[in-house]
Structure formats: structure tokens, C-alpha cells
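Throughout, protein chains are lettered first and strands after them, A, B, ... in sequence-line order, and every chain is numbered starting at 1.
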Amino acid sequence: MTILENILLAGLIICAAAAPLCKRLLATVIVYLAFSVILAVLWSMLQSPDLAITEAAVGTGISGILFFLTLKKIRALKGTRDE
Amino acid sequence: MRPFYENLPFICIFISIVCGVLSAVIRDGRKTYRLALAMSATIAVLSAVLLYCLYTENISFVYSMGRFAAPFGNAIKAGPLQALLVTVFAIVMGLSLLGGGQSLFHDILPEKQGLYFVMTDLLMAGLLVLVYTNDMFTGYVFIEITTIAACAMVMAKDTGPNLIATIRYLFMSLLGSGLFLIGLTLLNSIAGYLLMEPLANAVAILAELGQYHRPLIVSIGLMVVGLGIKGAMFPFHLWLPDAHGGATTSSSAILSGLVLKGYIVLLITLMTRVFGLELMREVGVSNILLTLGLLGMIFGSLAAMREYHVKRMLANSSVAQIGYIFMGLGLGTEAGVVAACFHILVHAACKPLLFCCAGRLSTVSGHHRSLKNLRGSAYRDVAAGVGFTVGALSMIGIPLLGGFVSKLYFSKAALESPFMAVVLLTIAASTVLNALYYVPAILAIWVRPPWEEIQLIMLEVKPEDTRFDRSFFIAAAAFMGLIFLLGIVYHPILNVIEAGVRLM
Amino acid sequence: MLEAIVQNRFAVVAVILFGIGLLNMMLQQNLMKKVIGFSIMDSAVFLLLASLGYIEGHGAPIIDEGSVNASLYINPIPSGLVLTGIVVSVSVTAFSLALIQRIYQRYGTIELHELLERAKKEED
Amino acid sequence: MSDGREKSAWRRFADWVNGDSEPIDRTTQYVMNRRPPRQEEPPELHEQRERLRLKKFLGLYPLAAGFLCVALIAILFATVIYIPPFGQPGNPTNNEVSRHYLEYTEEETGATNAVTGMILSYRGFDTLGESCVLFLAVSSVMMLLQRDKNNTDEQTLHRLRREDAIERTHPDNILRKSAKLLTPFILLFALYVLFNGEISPGGGFSGGAILGGGLILYSSAYGPEQLSRLLTRSLYDTVRITGLMAYALTYGIYIFAGANGIKLEMEWMMIVIDLAVGLVVACTIYGFYTMFQRGKV
């Protein structure tokens with residue numbers, strides 16, 4: 001368990017450091033969402049299932065949708081119908 | 001069975017939340033405006049009753065939010081100081097809305113006006129809880145409510161520079177609440193409670209035993225800095241001039257008169273109730289507050305002198321006035337805290353008056369904001385001119401006006417401090433600097449420019465703008481009354497504050 | 001020193017994440033990246049807070065019928081606080097994203113220094 | 001007015017302050033030169049100076065901010081290795097309050113999930129504040145993005161109409177079919193999470209979020225028009241406001257009764273609050289989505 005925990009913690013740091021370094025905003029957002037998913041797993045390992053469910057639904061799902069919609073509005077998504 | 005008046009703080013909070021929700025139902029600008037005014041009036045009256053009861057009986061009480069007594073449930077705590085602050089806050093909120101009403105309906109699109117009053121009502125709820133709270137995490141949640149409502153009020157005017165000012169304000173505020181939250185987390189990890197009284201006991205024990213000394217200091221520092229950023233403490237004030245200067249008149253008045261004060265009141269509660277002034281002095285946080293306050297007093301004034309845009313000048317002057325408050329807190333004595341509380345009241349009365357008058361003067365000058373274009377505008381609306389003059393003189397510190405009394409008490413409090421000379425000199429220097437930008441502003445609005453220039457300005461003024469604005473007149477008169485009240489009958493008010501600080 | 005780091009690994013990771021988030025929020029010029037920096041910063045604080053409540057070998061705080069024994073479960077307080085915090089943080093994120101959309105609509109860019117220059121020009 | 005007639009003392013003083021008068025002696029000259037330039041400066045010069053200040057600010061700011069941030073991180077790092085060790089039962093956080101929550105939640109609140117019991121009952125005021133945050137956030141997003149003459153022009157409307165038309169004529173079959181299949185299950189699951197919050201993980205917040213997610217899926221699969229025929233603006237507002245209002249009122253009664261020592265049967269309270277929170281959260285999330293997507297409900 002501890003090994004998995006440490007891997008996840010390292011993953012958190014890598015994702016957090018990588019997210020803002022990406023050139024394209026789309027990649028930034030996707031890496032950030034990966035960060036959120038890792039966090040949700042970590043919370044279920046910390047014996048807080050309530051947090052895991054909420055993080056998965058709100059932190060990943062809803063924030064993800066909002067980020068993507070914003071990217072679409074600021075024309076940072078390649079291949080949308082505007083272009 | 002507790003006496004009924006102990007329910008009043010909770011009823012006030014409840015009224016403001018319900019009014020906020022109702023405003024979203026009504027959606028009509030004028031009706032929600034009246035609702036917000038009625039709400040402020042009700043809260044002011046109820047809090048005044050509470051103040052009377054608490055002051056005559058000389059008590060403070062803890063009110064558990066629910067049936068679980070402390071330390072298991074949420075709680076709020078009210079004493080004379082809290083009741084006094086809330087009374088003044090509610091009055092100032094109502095008067096700011098009244099005084100800036102005309103430009104409010106001019107600046108904001110009709111379909112968004114209802115939402116604006118949702119913000120003001122919930123902002124009031126946030127401020128009430130920040131004043132009354134007896135629980136750290138409740139404080140955090142309502143800090144966020146205040147932040148979102150305040151940002152929404154800044155951007156309500158919906159011009160480009162406004163949006164940019166809002167996003168800068170938002171990020172600085174989020175930094176502040178983030179630091180507050182991590183400080184709270186560290187404190188929770190070593191002390192283990194969230195409710196203030198058990199937390200204070202735990203902190204006192206830790207301080208005495210010397211356990212976890214470093215986390216304790218760092219968490220105190222983080223919370224102070226977090227609230228300081230939100231309260232525009234000196235090096236973190238860069239967001240303030242744009243946010244306060246660019247917003248619509250009522251928003252500027254409420255933001256600089258009340259929102260900044262809400263965070264500072266929470267800071268005062270933490271300092272006196274949780275950490276204790278002695279611990280603050282011991283770990284050196286007091287001295288940092290004092291230094292930053294003194295620097296703020298000077299640099300805020302210097303920045304205000306450079307401004308030509310009247311509202312931004314007032315906003316920069318807020319930085320200087322907030323510097324006074326932090327300086328008083330940094331003295332680390334009860335006298336300093338009392339003077340700081342009094343200055344909170346004075347500034348809450350003066351700055352909204354100045355903003356409302358400046359807004360009115362710019363309305364009668366064709367919505368220009370630079371001092372050059374406001375020349376002679378006081379003759380177009382004498383009430384606004386007089387109000388601006390009274391507010392500015394009070395900020396400078398002329399006797400009979402509120403500002404004088406607070407400077408007097410700051411100086412008195414400084415006499416006991418080891419840094420007496422520096423503090424007194426800075427107060428003197430800051431007074432001179434205040435005069436250096438307020439006096440020219442007063443002269444600018446009272447001096448008639450050449451006739452051709454007046455005609456040029458009058459071309460841009462719409463006739464309906466120069467009509468007598470009754471609600472503004474009432475608000476300005478009430479604000480001036482409040483300032484004279486604070487300047488002349490200050491003894492009973494200071495007695496209430498002293499009793500309140502003792503009963504914190 | 002090293003032992004302390006290993007023992008408090010959650011707290012140490014939380015501080016590192018907090019630092020990454022803070023630096024991004026303060027120094028990035030792109031508003032979207034600022035928002036992501038803020039989200040990372042908040043998540044880091046929540047990680048620190050949630051790790052306070054964990055007790056090794058104890059289970060999730062869902063009480064079994066008949067075994068009401070506090071030494072079987074982890075501390076529920078931090079979980080509850082974090083739950084509140086996550087929702088607050090998402091609301092703030094939504095608000096700032098909406099602001100970014102409006103700013104882009106008006107200025108066509110979300111780089112802060114360009115925006116500041118444009119705003120200065122537009123004033124008065 | 002100022003036609004060279006004899007000037008009053010007041011007038012002369014005012015002119016001095018405005019910087020219009022001739023200096024009389026050297027001291028005055030000195031003070032005048034030190035006075036910040038306020039009105040007499042031509043606009044171009046002022047603009048240039050402002051731009052210079054901005055440039056200086058943009059150059060200095062990252063240095064100062066970066067330094068402060070790094071210092072803060074270093075301090076925090078040196079602090080957290082001294083906080084109580086991770087995962088030990090004897091830590092200060094695990095005090096009698098948490099033991100009380102674990103031992104008495106079921107008896108006092110009727111919930112077996114201690115976290116739900118705590119956020120809905122013991123620390124319910126925080127949760128009320130949290131719902132207010134959600135309500136505020138959706139209101140301010142509406143204030144920003146709801147279509148009005150400031151943020152929507154003909155071009156945008158035209159684009160939106162065109163997108164709708166494409167949506168209607170070229171439906172995405174895979175999405176639509178799978179959405180049709182999934183939506184009832186998602187809604188069912190949401191209700192399950194919502195109502196079982198007391199005995200299992202979940203509760204109002206997660207259930208509401210899943211419910212909102214279901215609505216979003218439905219809306220994106222069938223086109224927003226389909227859903228807005230069912231869920232009109234007035235219905236949406238009614239649900240959102242009823243939710244928060246029911247919550248606030250129930251909770252107000254609860255606090256009032258609890259603080260004054262009035263005995264009330266509050267068994268139903270947890271259900272009402274759970275449902276109300278769920279509605280508020282679902283409406284908030286759907287509101288965010290539809291405001292971001294189309295600028296109206």
C-alpha cells in the first residue's frame with residue numbers, strides 16, 4: 001500500500017509541475033484533470049470515500065466540463081467548428 | 001431558556017440570507033433595491049437594540065448554532081463591540097446604496113440590477129458572520145462568500161478595465177484566503193480545535209510549554225498575512241486602486257467602507273480572542289504589523305498625491321487609512337486595539353461619504369472623473385460639495401470631526417509603546433501628506449473655472465443628471481451627522497468599544 | 001531530518017504542491033494557467049488537511065451497527081471540512097472562468113500584461 | 001470671471017494650489033516644484049509616464065512576487081516537518097470532539113456516516129454558508145455571461161443559431177444513443193447517492209453533482225433546446241430558489257429551536273436538508289454549464 005501511495009504522491013507532483021509548463025492550454029487542462037483523478041484515488045486510500053466521490057464528480061467532472069467550455073469560448077481548442 | 005435578545009445576531013444573519021435569495025426571485029431592480037434598503041434598516045435597528053441590551057448588562061454571550069453545545073457544534077459570539085460594529089456597518093451599507101443609487105441604475109444594465117442586490121444582501125450576511133463568528137472554519141467559508149460578492153460588485157459596471165481590475169482583485173483575494181486556510185490547517189494540526197475558546201486554551205497551553213513552537217508562529221503569521229492581503233495591508237495593496245476606483249459609486253463605497261473592515265474585524269477577533277495580545281507581541285507578529293502599518297500610512301498617501309482621477313485618489317487614501325488601523329493593532333496593547341476599532345468606525349463613515357460625493361460630483365460634470373474636469377462642480381450640487389469637504393477634513397483630522405478623535409487616541413495609545421517617537425512622527429507626517437492631497441481636491445471642486453470651461457463641461461451634462469437627487473441628499477446628510485457624532489460625542493462610543501474589547 | 005520528511009510525506013508533498021500552485025498563480029501571465037495554479041494550490045491545502053485526519057489502520061467513518069467504538073474509525077472532521085472546501089473552490093473556479101471568457105470576448109487575449117497595457121490606454 | 005480684475009486672497013490661494021499663479025519668492029517656487037504635477041501636464045506626457053510606470057511595475061513585480069513566494073515555501077517547508085507525525089492516533093487533532101462525533105452521530109443525528117452527520121448537523125452552519133457560496137457563484141456567473149447588449153452581438157447569436165441548426169440536422173448518433181441509455185441510470189444513481197448519504201458515502205453534494213452531470217449529458221446529447229423546453233428559466237429558478245429557501249428555513253428553525261432549548265422532532269430534517277442541498281448543487285452545476293455554453297437557461 002505504501003508503495004502505491006508513494007507512486008501516487010510522486011504522480012501528483014509530476015502532474016502539478018507539468019500542467020502549467022505545457023504549451024497548449026488543452027494539454028494543461030488535461031494534465032490538471034489527471035492531477036484531480038490521482039487526488040481522488042489518494043483520498044479513497046486515506047479512507048475518505050466521501051471525498052473521493054465528491055472529488056471525482058465535482059473536481060474532475062464538473063471542473064473539466066467548465067474548463068473545456070472555456071477553452072472552446074477562447075478558441076484554444078483546435079478543430080472546433082469555428083475554424 | 002435564554003433571553004430573546006440573544007437571538008438577534010442569528011436573526012440578522014438569517015434575514016440577510018433570505019433577502020439575498022428573495023432578490024433572485026424578484027429580479028426587478030427597483031424592488032430589490034428597496035428590499036436591500038429595508039434589510040439594512042432592519043438589521044441596524046435590531047443590532048442597536050442588541051447593543052443597548054448588551055451594554056447595559058455588560059455581558060457577551062455564545063450562541064450555539066443548533067442544539068449541540070460547544071465544542072461540538074458551530075457557534076457565534078456577540079458582545080458590545082460586535083453589536084456596535086454591526087449597527088454601523090448596516091447603517092453605512094444602507095446609506096451607501098442610497099447615496100450611489102442614481103449612478104447605480106445608470107451604470108448597471110436593467111436585467112442585471114436584481115443580481116447586483118443579491119450580491120449586496122449576501123455580502124451583508126458575510127460581513128455579519130465575519131464579525132460574529134466564533135468558529136475558524138465558518139470564518140473561512142464566509143470569507144469566500146464576501147470575496148465572491150465583492151468581486152461581483154466590482155465587475156457589475158461591466159467595462160473592460162473593470163473586468164481586468166476584478167480578475168486581479170480576485171486572484172489577490174484567493175491568495176489571501178489560501179494563506180488563511182493553510183494557516184488554519186497548521187493551527188488545527190497542532191491545537192486540534194476549530195471553535196475559538198477551546199482553541200485559545202490549547203494555544204495558551206502550547207505557548208506555555210513551548211511545544212510545536214515553530215508551527216504555531218508560522219500559522220499565526222500566515223493567518224495575519226492572509227487577512228492582511230484581503231484587508232489591503234501595505235505591500236499587498238496593489239489591487240486596491242483599480243478595483244475600488246473603477247467600480248460604480250455604491251460598490252466603491254461599500255468595498256472600502258465595509259469589506260476591508262470585515263476582514264480586519266476577523267483579524268482583531270483572532271488576535272484578542274484566540275492568540276491573545278501577549279503572544280502576538282512575544283512572537284513578533286505585532287512588530288511586523290506595526291511596521292507595515294506605518295509604511296502603508298506614508299506610501300498610501302504618496303500614491304494618492306500622484307493621482308488625478310478622483311476615485312483612485314480616494315482608493316489610495318484608503319490604503320493610508322487602513323495603515324492607521326494596522327498600526328493600532330501592531331501596538332499590541334488594548335489601547336491600540338480600541339483606537340483601531342474606533343478608526344474602523346470613522347473610516348467606515350468617511351470613505352463612503354467621500355465616494356458618494358465624488359460620484360455625485362462626477363455625475364453633474366458629465367461623468368468625468370479627473371479632478372481637472374471637476375473644477376467648480378461643487379456649485380452644481382452644493383450638498384455633494386459640502387459632504388466632500390466634511391469627509392476630507394475629517395480624514396485630515398480637523399477637530400470636531402471623527403478623524404481627529406481617532407488620531408488623538410492613536411497617539412495616546414502610542415505613548416505606552418517602545419516605538420513612541422517613530423509612531424508619533426509618522427502620524428504627524430501622514431497628517432501633513434493627507435492635507436497635501438485633500439486640500440487641493442477641496443479647492444479644485446470649490447474654485448470656479450473660467451466661464452468658457454464651464455460651458456464646455458455643461459455641454460456634456462444631461463439635464464436629468466443635474467436634477468436634485470433627494471436620496472443622495474439624505475445619505476450625505478446622514479453620513480455627515482455620523483461623522484460629527486463620532487467627532488463630538490465620542491466618549492460613550494469609546495466606552496462601548498472598551499467594554500467590548502474586554503468582553504471579546 | 002530525512003526521517004521527519006518520510007514520516008510527514010503527505011504534508012511535505014502538500015507543501016511542494018502548494019508552492020507550485022502559488023508560483024504559477026503569481027507569476028504566470030496567462031489567466032487560464034493562473035486559474036489552474038489556484039486550483040492546484042487549493043487542492044494542496046486540502047491534501048494537508050485531509051491527511052491530518054487519517055489514522056493508520058483505522059477505517060472509513062461509517063459506523064457499523066453495534067460496534068460504536070471510536071478507535072475503529074478515522075477522524076471525520078477534516079473530511080467534512082475538505083468536502084466543504086472542494087465545493088467552495090469549484091465555485092470560485094467557475095466564477096473566474098466566466099470572467100476570463102468575458103475578458104477574452106472584449107480584448108481577444110488572456111495574457112495579463114497585454115491586458116494591463118490595453119486597460120491603461122482605455123481609461124479616461 | 002478671471003479677466004485680470006483684482007483678485008481676492010482666496011482666489012490667489014486657490015490659484016497657487018492649482019499651479020496657475022506666478023511664484024512670489026524662492027520658497028514658494030521650491031514648494032511648487034516639489035508639488036506633484038496634477039493638472040497642468042499635457043495628456044501625452046502623462047500617458048507616457050503612466051506607461052513607463054506600468055513597464056517598471058511589470059518588470060519589478062515578478063521579482064518581488066517570486067522572492068516572496070519562494071521565501072514562503074521555504075518557511076512552510078521548514079514548518080511542516082515539525083507538525084505532529086502522520087497517521088498517529090495520539091495527534092492533537094484526534095481529540096474528544098472527533099470521538100464524540102464517532103460515538104454519538106447515530107444517536108444524535110440518525111446518520112451512520114459520521115461525515116454526513118457532521119456536515120449536516122453538528123457543523124450545519126458551514127454547510128449553509130457553502131450553499132450560499134454556490135448560489136452566489138451561479139448568480140455572478142449569470143451576471144457575467146447572461147446575454148445582454150454588452151456581451152452578445154448579432155454575430156454571436158448568428159453563430160449560436162447556426163450551431164443549433166447543425167445539431168438538429170446532423171445528430172451525433174453514438175452520443176445520442178448512449179446518452180439515451182445512460183441518462184436514466186445516472187439519474188437513478190444520483191438519487192441513490194442522494195438519499196443514502198446517511199448510511200453510505202455520498203449525500204447531498206455528491207448526489208447533486210451527479211444529478212447535474214446527468215442533466216448536462218442529456219442536454220449535450222439532445223441539444224439544449226430539448227431540455228430547455230422541459231426545464232424553462234422559470235422552472236429552473238423556482239427549483240433553485242425553493243431548494244435554498246427550504247434549506248435556509250429548515251435550518252433556521254433548527255438553529256432557533258436548538259439554541260433556545262425547544263424540543264423538536266427533527267427526524268425529517270436530515271432528509272429535507274439532503275434533498276435541498278442536492279437540488280441546489282444540481283441546479284448550480286447545470287446553471288454553470290448552460291451559462292458557459294449558451295448564455296441563457
Notebook entry, point to check: Taking the side chain as C-beta and beyond, is there a heavy-atom pair between C:Leu17 and A:Phe35 under 4.5 Å?
Noted result: yes
So OG of C:Ser43 and CD1 of C:Ile36: to nearest 0.5 Å the spacing works out to 11.0 Å
The interface call for A:Pro49 against chain C, heavy-atom contacts under 4.5 Å, is side chain
Cut-off 4.5 Å, heavy atoms of chain A, and the answer for C:Leu97 is both
Using only heavy-atom distances, determine whether the side chains of A:Glu55 and A:Ser36 contain a donor-acceptor pair under 3.5 Å.
yes
Notebook entry, point to check: Are C:Phe10 and A:Glu5 side-chain neighbours, meaning at least one heavy-atom pair lies under 4.5 Å?
Noted result: yes
*asked:* Could you tell me if the side chain of A:Trp43 sits less than 4.5 Å from the side chain of C:Phe46, heavy atoms only?
replied: yes
Whatever's closer than 4.5 Å to a heavy atom in chain C on A:Leu39 counts as side chain
Given C:Gly80, C:Ser89, C:Ala50, the one with more heavy-atom pairs under 4.5 angstrom with chain A than any other is C:Ala50
Turns out that what part of A:Cys15 lies under 4.5 Å from chain C's heavy atoms comes down to neither
Highest number of heavy-atom pairs under 4.5 Å with chain A among C:Gly21, C:Ala94, C:Ser39 belongs to C:Ser39
field: Note, C:Ile74 side chain near C:His58 side chain (heavy atom, < 4.5 Å)
entry: yes
Okay, C:Leu83 and chain A: the region with an atom under 4.5 Å from a heavy atom over there is both
Checked A:Leu51, A:Val29, A:Leu66, A:Leu42 vs chain C; the most non-hydrogen pairs under 4.5 Å come from A:Leu51
Applying a strict 4.5 Å limit to non-hydrogen atoms, the region of A:Leu25 in contact with chain C is side chain
Say whether, by atom type as modelled, one donor and one acceptor occur between the side chain of C:Ser51 and the main chain of C:Leu48 under 3.5 angstrom. yes
Greatest number of non-hydrogen atom pairs under 4.5 angstrom with chain A, of C:Gly59, C:Pro61, C:Pro78, falls to C:Gly59
ask   = Between A:Thr28 and C:Met32, is any pair of side-chain heavy atoms under 4.5 Å apart?
value = no
Of the listed A:Ile62, A:Leu46, A:Thr54, A:Val58, the one with the largest count of heavy-atom pairs under 4.5 Å with chain C is A:Leu46
Heaviest contributor of heavy-atom pairs below 4.5 Å to chain A, chosen from C:Thr93, C:Val82, C:Val87, is C:Val82
Is the closest side-chain heavy-atom distance between A:Phe68 and A:Leu33 below 4.5 Å? yes
Applying a strict 4.5 Å limit to non-hydrogen atoms, the region of C:Leu47 in contact with chain A is both
Looking only at C:Thr109, C:Leu23, C:Ile103, C:Asn30, the option with the highest number of non-hydrogen pairs under 4.5 Å against chain A is C:Asn30
